[in-house]
Structure formats: C-alpha cells, structure tokens
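A quick write-up on the structure given underneath.
The analysis underlying the following values was restricted to heavy atoms, covering all of them including side chains, and did not include hydrogens, waters or symmetry mates. Just so you know, these numbers come straight off a predicted model, no measurement behind them. To find a chain, count down the sequence lines: A is the first, B the second, and so on, and within it residues start at 1.
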Protein chains: 2
Amino acid sequence: MTFGKYIREHREALKAEDRRFSVRQVAQRIGVEPAYLSKIERGDVAPPSEAKIRALANELNEDVDVLLAMAGKVSSDLQEIIRKRPQLFADLIRQLKSMPDHAILRIARDVRDGDW
Amino acid sequence: MTFGKYIREHREALKAEDRRFSVRQVAQRIGVEPAYLSKIERGDVAPPSEAKIRALANELNEDVDVLLAMAGKVSSDLQEIIRKRPQLFADLIRQLKSMPDHAILRIARDVRDGDW
DNA sequence: TGTCATGTGTACTATATAGTATACATTACG
DNA sequence: CGTAATGTATACTATATAGTACACATGACA
C-alpha cells in the first residue's frame, strides 16, 4: 500500500459519512492546493513534507508515525532523540531489528512501568 | 563542537603522524574535491551526504553514528528499521528519551544476551 | 632556488524537494 | 435546469542539497 492510496482510501471513507472530506476541503484545511493533494493521492508526486503529513494525520485521525513511515520518513522528534545519544540508540535499535514485536512492546511497557 | 571543526581536529591529529592526511589526499580518498572538504571543515558549507560521511568516518576511524549525528542526520539503516515498525519503535524511543544512559545500555545488553 | 604540494577563494551546476496557480470537464442537487 | 462544487491536467516556481572546476597565494624541502 502506497502513501497516496492509503490517504485516498481513508479520506474517501470519511467522505462517505461527511461531505467535508472532499479533496478540496481537506486540502484547504491542511493548507495545500487541491490539485496538489489530488496528485499526492494518485501517486503522481512524492508524499508531502512532514508538516503536511502531520496535518493530514490529524485531519484523518491516523497515526502520524505510520503515515510518515509510508512516506519514507521518520518523525523529526525521534531523529532528534537519537542524535542526542547516537551510539546508545544506534546500538539498541540495531539489536532490536531482529526481535519480535512482543519483545519490543514488552520493553516499552517495562520502561514505562519503571520495572528495573 | 561543529561537524567541520571536529573533522578538522581529528584529521589534523592524524596528519601530525602521517602526511597522507592532508586535505587534498583525504578528499581524494573519500571522493570529493579538496576545495569542498576544506569548506566543510571550515563550516563554509553544510556537512556532506551520508555516503561521504561514511567514507570520512572510515578514513578517520570515527564512529559513523556520531559523525552523522553531528551532521544533523540519522543513519539510513536505522531509519529503515524504524519505518518497518513505526509504532513500536516510535513508542519505545519516546519512552527512552528521558531515561539515563545506563538504563538504555542495560536494555541493549539484556537484548543481546537474550535475558528475557 | 625552483618546484611541488598544500589550503582556499570564487564561480558555477545538476538534481531533488515541495510546492502554487489556473483552467477545464464532470457531477451533484436544490 | 442551472449553478455550484468536485477532481484533475498542465505549466510553472522557489529553495535546498550536494557537490565540481579552476585559479591562486603560501609553505616545505631537496
């Protein structure tokens, strides 16, 4: 599933219930030209900037990190966290590359609950 | 410490022991024009691409992730790992943002040793 | 003392990124 | 049935990124 198709599908789904989710109106609310959003949805151009993707995620109630990932990007706040302690995070992330989802989830939960 | 100054310092340190670490020769080995490396070291232009930073790290025996961080970048292999499971990694990394170094180190070690 | 290597100033350049602006045919509906 | 909204084709544009090419003054050293 490409970024564009995903956006189109989810926008159309919302549009079925609410006419305010037309290309034109969504485009206006996220601050781009309708023609541009149309091209994005059809994959005619590359996905937009992080800022526009955030606005889009907000508008369509989608997960920002998932949309950014589909657009081939990583959230700038995550990049900043990594850049502040590059070795620590680089090592950990590469370790986790081959771990199953549940293991990563468990670590996140343990960290959150302070289980150290 | 900026990227350029860091590179200059470390290159000059190596040059003191080995004349092959002149701007010109290093530039040639990493595949850029001498004038360009000179400008990079003086902060006259932005840091180079990830590929050139990798070549530079290799040449100067420096940690790639640290150099990339100084250049305001995050290694593309890390980005790819995150993009494959965006929610999982986004959550975990944001959890770890406020954790001390030793906690992150310990997680990495536990994962490596399979202490689950 | 001549020449060879060194660092750098200046002037370009190609490609990617991130869009805008306008016009037009089609569809919906009051 | 007319008009208003819709999606899209086409043609541009501005800025950033990632460098090259060449000339020149200075210093090293054989």
### Query
In Å, rounded to the nearest 0.5 Å, how long is the span from CD of B/E62 to CG of B/L68?
12.0 Å
### Query
B/E33 CD to C/dG9 P: how many Å, rounded?
16 Å
### Message
Measure CD1/A/I30 against P/C/dA18 and give the value in whole Å, please.
### Response
14 Å
### Query
Would you say B/R94 and A/D77 make side-chain contact, with heavy atoms under 4.5 Å?
yes
### Query
Does CD in A/E12 sit with more than 12 non-hydrogen atoms of other residues, nucleotides or ligands closer than 6.0 Å?
yes
### Query
Is it true that B/K84 and B/E80 have a side-chain N and a carboxylate O under 4.0 angstrom from each other?
yes
## Note on the structure
Interatomic distance, CD1@B/I53 vs CG@B/N58, rounded to 0.5 Å, equals 13.5 Å
### Query
When the distance from CD of A/Q28 to P of C/dA21 is rounded to whole Å, what number comes out?
13 Å
### Task
Would you mind reporting whether B/L96 and A/L88 have side-chain heavy atoms less than 4.5 Å apart?
no
#### Entry: Rounded distance in Å - CG (A/L37) to P (D/dA5)
18 Å
### Message
Without decimals, in angstroms, what is the distance between A/I40 CD1 and D/dG7 P?
### Response
14 Å
### Message
Please check this pair: side chain of B/R11 against backbone of B/I7, looking for a donor-acceptor N/O pair closer than 3.5 Å.
### Response
no
### Message
In whole Å, I'd like the distance from the CG atom of B/D44 to the C1' atom of D/dT17.
### Response
15 Å
#### Entry: Salt-bridge contact B/K73-B/E50 (side-chain N to carboxylate O under 4.0 Å)
no
### Task
Scan A/V45 against the nucleic acid and name what it touches under 4.0 Å (heavy atoms): base, sugar-phosphate only, or nothing.
nothing
Distances for protein N or O near nucleotides 5-8 of chain C N or O, under 3.5 Å:
{"unit_1": "C/dT6", "atom_1": "OP1", "unit_2": "B/S22", "atom_2": "OG", "d": "3.3"}
{"unit_1": "C/dT6", "atom_1": "OP1", "unit_2": "B/Q25", "atom_2": "NE2", "d": "3.2"}
{"unit_1": "C/dG7", "atom_1": "OP1", "unit_2": "B/K15", "atom_2": "NZ", "d": "2.9"}
{"unit_1": "C/dG7", "atom_1": "OP2", "unit_2": "B/V23", "atom_2": "N", "d": "2.7"}
{"unit_1": "C/dG7", "atom_1": "OP2", "unit_2": "B/R24", "atom_2": "N", "d": "3.4"}
{"unit_1": "C/dG7", "atom_1": "N7", "unit_2": "B/R24", "atom_2": "NH1", "d": "2.3"}
{"unit_1": "C/dG7", "atom_1": "O6", "unit_2": "B/R24", "atom_2": "NH1", "d": "2.9"}
{"unit_1": "C/dT8", "atom_1": "OP1", "unit_2": "B/R8", "atom_2": "NH1", "d": "3.3"}
{"unit_1": "C/dT8", "atom_1": "OP2", "unit_2": "B/R8", "atom_2": "NH1", "d": "3.4"}
{"unit_1": "C/dT8", "atom_1": "OP2", "unit_2": "B/R8", "atom_2": "NH2", "d": "2.8"}
{"unit_1": "C/dT8", "atom_1": "OP2", "unit_2": "B/S38", "atom_2": "OG", "d": "2.7"}
{"unit_1": "C/dT8", "atom_1": "O5'", "unit_2": "B/S38", "atom_2": "OG", "d": "3.4"}

### Message
Near DNA chain C, counting only heavy atoms under 4.0 Å, which residues of residues 54-75 of chain B show up?
### Response
none
